[in-house]
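Notes to accompany the following structure.
Each chain gets a letter, A, B and so on, in the order its sequence line appears, and its residues count up from 1.
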Protein chains: 2
Amino acid sequence: MPRYLQVRDDLLQRIALRSWAADEALPSEDKLAAEYGIAVGTMRKVLDALVTDGVVDRVRGRGTFVARAAERSSMLRFVRMHGKAKNRLPTARIRSMTTAIPPAEVAGKLKLKPRDKALYLHRIRSFDDEIVLSEHIWLPLARFRKLQKYLKSNSPPSLYPIYETECDVLVSRAIDDLTAKPLNRANAAVFKLQTKTMAICVERLMLDHAGEPVEWRTSFVPAERFQYSAEIR
Amino acid sequence: MPRYLQVRDDLLQRIALRSWAADEALPSEDKLAAEYGIAVGTMRKVLDALVTDGVVDRVRGRGTFVARAAERSSMLRFVRMHGKAKNRLPTARIRSMTTAIPPAEVAGKLKLKPRDKALYLHRIRSFDDEIVLSEHIWLPLARFRKLQKYLKSNSPPSLYPIYETECDVLVSRAIDDLTAKPLNRANAAVFKLQTKTMAICVERLMLDHAGEPVEWRTSFVPAERFQYSAEIR
DNA sequence: CAGTGGTCTAGACCACATG
DNA sequence: ATGTGGTCTAGACCACTGT
């Protein structure tokens, strides 16, 4: 295995361990190169690889910083905004929060042991009275106990920054799986729509920089509100 | 503008002009560097950029080759295969082919002048008797006259290789836009489904290596057959 | 074997941000 | 003025592919 990949993986580990805060620069390429005993050119190759993987951002004159996945991965990128909703963010509300042993499928995705508990959230996002997104969120309780306390007295517009500040969990990567399904009775009731109304179901697994699963989320968007863009090269 | 970007853009032009065939290697990095009067290290940076943009593939010991977008961008990646359909490719059939002045919206996407004609294809893909994909394809007639002749006596499983061999058009990049829509009467009839059955509509614009629009395609997948995966970093 | 790309080095100079 | 990343050079050695 080439040196630059070894060094990349080591840096990835240190980033996963949250060695640097959001506003704190990593050591400069010179210092890192000296530390690892490699040439600066090789260190640049390591950092370039981390940039293309979306793990760090580099700013000339300032330094190298750990990237946050939050902005890129909002579920709202699946929601078509029309009319007055444009240029506005929907409100977020948590409708229920419990701890439980999750279904086997969820436990598998989160790599939980058979009797490990998880924190479950049901959260909706809406414009005025129109609900546009319903989300069922499962989090390993071991890492998210503080979140539970926090959410009892707060209702933040976005969760990922809270994962980081409260629970020291930094989300790096998301894997989305999209299908179309008719709404079951419970989900239809959330949207005040008829049962079997078609919706897009987004199943998302979130991973940290070490590749450990952090969150499993099943989201529903009524089909009429669904929109998604992608570029393939 | 840095030298390596200038050289990259120049190479991009030459690739767009189809200077190298599918199985023909570009000149080696040494030769290209000499040709452009830059260092080999800089030429490597150019080629690395083209690799991450998906424009070329490099194979150690063999050379650098122009990449084909065809494999990555098949519409079938939106279609869920179940049961017997797995491990099989659906058949393709062209149900109609005409030349016409396209609707203003399509002409705009293809950057056609007001009275430019286009080649229109309606094509379906199916497993046995089950139709899984219906596609409405618009191509600038100026570049695709030979395709029209070709399709009168051939029914190829995939179109992009034909664009290249018959019309000298190499597809580089696709932009997809996904929404959910109820089928109108004509499209529902194609699938032998009821009008207003929900379907996923994929609008795709294909571009060549020069960034010129090459194809506009509107495809429908019945919602039950739709599936799509993406990774966000 | 010659030719290709993959890794790695050890410098140079520049543009930009911050104090 | 200092330190950061961005560009560019001119080599070296290695691994792999083809003849």
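- Partners of B:E203 by salt bridge (charged side-chain N to carboxylate O under 4.0 Å, His left out), not counting sequence neighbours: none found.
- Per the geometry, CE belonging to B:M43 stands 10 Å off P belonging to C:dG5, to the nearest Å.
- Listed nucleotides: C:dT9, C:dT7, D:dT9. Nearest to the side chain of A:K45: C:dT7.
- Residues from residues 26-39 of chain B with heavy atoms under 4.0 angstrom of DNA chain C, sorted by number: B:S28, B:E29, B:K31.
- Counting only residues at least two apart or on different chains, the side chain to side chain donor-acceptor pair (under 3.5 Å) pairs with a member in residues 3-13 of chain B are B:D10-B:Y36.
- When the side-chain contact (heavy atoms from CB on, under 4.5 Å) test is applied to B:E164, the partners found at least two apart in sequence or on another chain are B:R18, B:A22, B:R68, B:L170.
- In this structure, A:R125 has no salt bridge (charged side-chain N to carboxylate O under 4.0 Å, His left out) partners at least two apart in sequence or on a different chain.
- Proximity note for A:P2 (side chain, C-beta onward) versus C:dT7, C:dG6, D:dG5: the nearest is C:dT7.
- Under the salt bridge (charged side-chain N to carboxylate O under 4.0 Å, His left out) criterion, A:D208 pairs with A:R143, sequence neighbours left out.
- One interatomic measurement links the two molecules: CZ of B:R58 to C1' of C:dG6, which rounds to 9 Å at whole-angstrom precision.
- Looking at the side chain of A:T42, the nearest of the listed nucleotides D:dC8, D:dG6, C:dT9 is C:dT9.
- For the side-chain contact (heavy atoms from CB on, under 4.5 Å) test, residues two or more places apart in sequence or in another chain that qualify with B:A25 are B:F65.
- Heavy atoms from other residues, nucleotides or ligands lying under 6.0 Å from CD of A:E231 number more than 12.
- Counting any heavy atom pair closer than 4.0 Å across all strands shown, A:R3 reaches sugar-phosphate atoms only and no base atom.
- For the side-chain contact (heavy atoms from CB on, under 4.5 Å) test, residues two or more places apart in sequence or in another chain that qualify with B:R93 are B:R95, B:I124.
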Q. What is the per-nucleotide protein-contact pattern of nucleotides 13-19 of chain D, from the 5' end, where B denotes a base atom under 4.0 Å from a protein heavy atom, S denotes such proximity for sugar-phosphate atoms only, and - denotes neither?
A. --BBBS-
